[in-house]
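Let me begin by presenting the structure, written as structure tokens, before commenting on it.
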Amino acid sequence: MGGGPCSSLGEAAGGSCRILAAWWRRMEASLNRAVARTPVGRYFKLESRKSTFTRELRAGAATFLTMAYIISLNAAILADSGGTCTAADCSPPFAAELGHLGNLTGDGAGAQSGHHRSVHSHENCKFVPNDGYQKCLDRTRSDLVVATVVSAMAGCLAMGSLANLPLALAPGMGANTYFVYNLVGLHGSGPVPYRTALAVVLVEGCVFFVLSATGLRGRLARLIPRPIRLAAAAGIGLFLAFVGLQGHQGVGLVGPSPVTLVTLSACAHVDPLTGMCTGGKMRSPTFWLGFSGFLLASFCMVKEIKGGMIYGVLFVTLVSWVRGTAVTAFPDTPVGRRSYDYFSKVVDFHSIESTAGAISFSGFNRSEVWTALATLLYVDILDTTGTMYSLAELGGFVDETKGSFEGEYMAFLVDGGATVLGSALGSSTVTTYVESTAGIKEGGRTGITAITVGLCFLLSLFFTPLLTSVPPWAVGPALVLVGAMMMAGVAREVDWGSPGDALPAVVTMLLMPLTYSIANGIIGGLALYVALRLYDWAAAAARWVAEMRRVMREAQNQVSAAGGDAPSTPV
């Protein structure tokens, strides 16, 4: 009894197993004592925080396993923006038409004019299967994988070494969807160009860094009404789940409808331009494969198996890598064959070709840019600050009397600096990940946990061909699960019995997915919150003014009475 993994073996084998296990425990204890006495162990406070070196390594591995999905997921979402790709990257017949228009003019200037007219008239080449544009997207996706990994690696290493906290960082879910679907738009169809949007993220990161350095960050977060703070996270979760259910970047369960706007899909055949179902509803083989991955990941999470989400993504991805099937990620097409050729390399170090330094401030005279800046800053303050405090409380770092936690100042600075680095590489806002709870629950209490996560991200840099070959129907279930986990706070914390709190929260949550805009949800919720309290605030202000007038009249009367009763001065 109590033999652990050795108890199921025979007597001789079990005895050897117990001897080996005891030897391993002694070696581990010896290593932990040796490290704790070194300058490294003292710097990370292993003994004072009642942790050990090997426990920190295990905690870091657990954290990385639960958040590794972000590498392919963030790159896939950001690649939807098109990055630096334009209609000029489209392959013939558009290229042939450009030349034909140029020849008709008979001179170079006319050819250039014809080029611009043709590019403008053939913007739709970015939204239909096109080999040239797809090649550009593939390069962009590889760039964004590297940008995701490097920004996460740098953030984790800095968090561990400077703040000495077991918190892992990476480009945040929610901010990336806002960046793509609200700012840049699908393949650049939105109001803000990709380069300008990166400049917005850069400025937001700099502002965030300054706010952190001056100590204003926590105060600003507390100014936002609590129901809106909670509902914003839940609304972003609904938005993510909605994206994961669609066909372009998910499992394809829902699709567009000319009558009801959205309808049940998962069709075997879909119009590539409109996304509408052309036959075989609920017969998409990739949907059913993605659904099986969703069930696997959900089961692992229910049973509290660490890394459950990545297991679901891995299962669907591995099945999709088999060629010649109905669910293959490498169909027998020019795009599919090229993707398979790159995938076959397995190990390859990709250097960023187009997204690094792709920053432009030329569009900062537009109102959309400043709205985007305010929204990103707002979401970042709420998301990151709230997550950090929750994780610090879980790890036992919070000082209840001061309301702060150990390493808070450096943690905020690292978070802002990582966002600046991410934008310079082509990625969206970097934030602290709630998946850090996996490492904290595993016993991680020092920065060694975060450093371990950073080193794991470093290793993943050399497997870009595999990370860029994760299909959308493997990513979609992860989006839905992340969205579901973001709903917990609003269900538990919002006072649903108070209409003044509940109604703004509901509006915030509904507007985000239904208008496809995080900013609209926040603005709508805040506007309703203010409108519902405007009468009470006005009445309170009126009562305060009336009270002040009464006090002033009484003071004047007392002064007058005192002046009338005073004895006359003899002459």
Side-chain angles (χ1 to χ4, degrees), residues 174-175 178 182 204 207-208 211-212 214-239 367-368 370-390 393 398 400-404 412 483 486-558:
Y178 176 75
N182 295 152
E204 185 262 338
V207 173
F208 203 45
L211 290 176
S212 301
T214 56
L216 293 175
R217 176 174 171 176
R219 295 189 183 95
L220 287 176
R222 287 188 285 271
L223 288 177
I224 307 299
R226 191 164 182 268
I228 305 300
R229 292 203 306 266
L230 296 168
I236 292 172
L238 288 174
F239 188 26
S367 60
E368 295 92 345
W370 296 101
T371 301
L373 178 61
T375 302
L376 282 173
L377 187 62
Y378 171 85
V379 171
D380 207 1
I381 288 175
L382 291 186
D383 183 23
T384 306
T385 307
T387 300
M388 273 194 182
Y389 275 106
S390 299
E393 187 172 2
V398 175
E400 298 295 343
T401 59
K402 298 180 180 179
S404 59
F412 285 161
M486 293 178 72
M487 298 292 294
V490 72
R492 187 174 55 248
E493 302 293 341
V494 171
D495 183 6
W496 296 107
S498 170
D501 289 347
L503 292 176
V506 170
V507 168
T508 301
M509 290 187 292
L510 286 179
L511 286 182
M512 287 186 184
L514 295 183
T515 65
Y516 228 66
S517 171
I518 294 172
N520 288 346
I522 293 172
I523 293 170
L526 281 173
L528 183 58
Y529 184 89
V530 171
L532 292 178
R533 285 163 172 76
L534 200 58
Y535 175 80
D536 293 334
W537 292 342
R543 288 194 298 270
W544 181 82
V545 170
E547 179 65 18
M548 291 301 297
R549 286 179 176 175
R550 185 186 64 81
V551 171
M552 292 179 65
R553 283 197 301 269
E554 290 180 355
Q556 289 174 352
N557 291 337
Q558 291 175 358

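Side-chain atoms are counted along with the backbone in the values below, which use heavy atoms only and exclude waters and symmetry mates.
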Under 3.5 Å, side-chain donor or acceptor atoms of residues 494-501 against the rest of the protein: list the pairs with distances, not counting sequence neighbours.
{"unit_1": "Asp495", "atom_1": "OD1", "unit_2": "Gly497", "atom_2": "N", "d": "3.2"}
{"unit_1": "Trp496", "atom_1": "NE1", "unit_2": "Val490", "atom_2": "O", "d": "3.4"}
{"unit_1": "Asp501", "atom_1": "OD1", "unit_2": "Arg533", "atom_2": "NH2", "d": "2.7"}

(message) For Arg550, give me all partners under salt bridge (charged side-chain N to carboxylate O under 4.0 Å, His left out), at least two apart in sequence or on another chain.
(response)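 Salt bridge (charged side-chain N to carboxylate O under 4.0 Å, His left out) list for Arg550, sorted by chain: Glu547, Glu554.
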
Tell me the closest heavy-atom pair linking [X] and [Y], and the distance in Å.
{"X": "Met512", "Y": "Ile522", "result": "CE-CG1, 3.7 Å"}
{"X": "Met509", "Y": "Pro513", "result": "O-CD, 2.8 Å"}
{"X": "Gly525", "Y": "Pro504", "result": "O-CB, 3.6 Å"}
{"X": "Ala372", "Y": "Tyr178", "result": "CA-OH, 3.2 Å"}

Just verifying a value: how many Å separate [X] [atom1] and [Y] [atom2], rounded to the nearest 0.5 Å?
{"X": "Leu528", "Y": "Ile523", "atom1": "CG", "atom2": "CD1", "value": "14.0 Å"}
{"X": "Leu376", "Y": "Asn182", "atom1": "CG", "atom2": "CG", "value": "9.5 Å"}
{"X": "Glu368", "Y": "Thr375", "atom1": "CD", "atom2": "OG1", "value": "11.5 Å"}
{"X": "Thr515", "Y": "Phe239", "atom1": "OG1", "atom2": "CZ", "value": "8.0 Å"}

(message) Using the rule side chain to side chain contact (heavy atoms under 4.5 Å, CB included), only one of Thr508, Val507, Val506 pairs with Leu510; which is it?
(response)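 Answer to the side chain to side chain contact (heavy atoms under 4.5 Å, CB included) test with Leu510 among Thr508, Val507, Val506: Val506.
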
(message) In the structure I gave you, are the side-chain heavy atoms of Leu377 and Leu211 within less than 4.5 Å of one another anywhere?
(response)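 Leu377 vs Leu211: side chains touch.
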
(request) Answer yes or no: does atom CH2 of Trp537 have more than 12 heavy-atom neighbours from other residues, nucleotides or ligands under 6.0 Å? (result)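 Yes, enclosed.
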
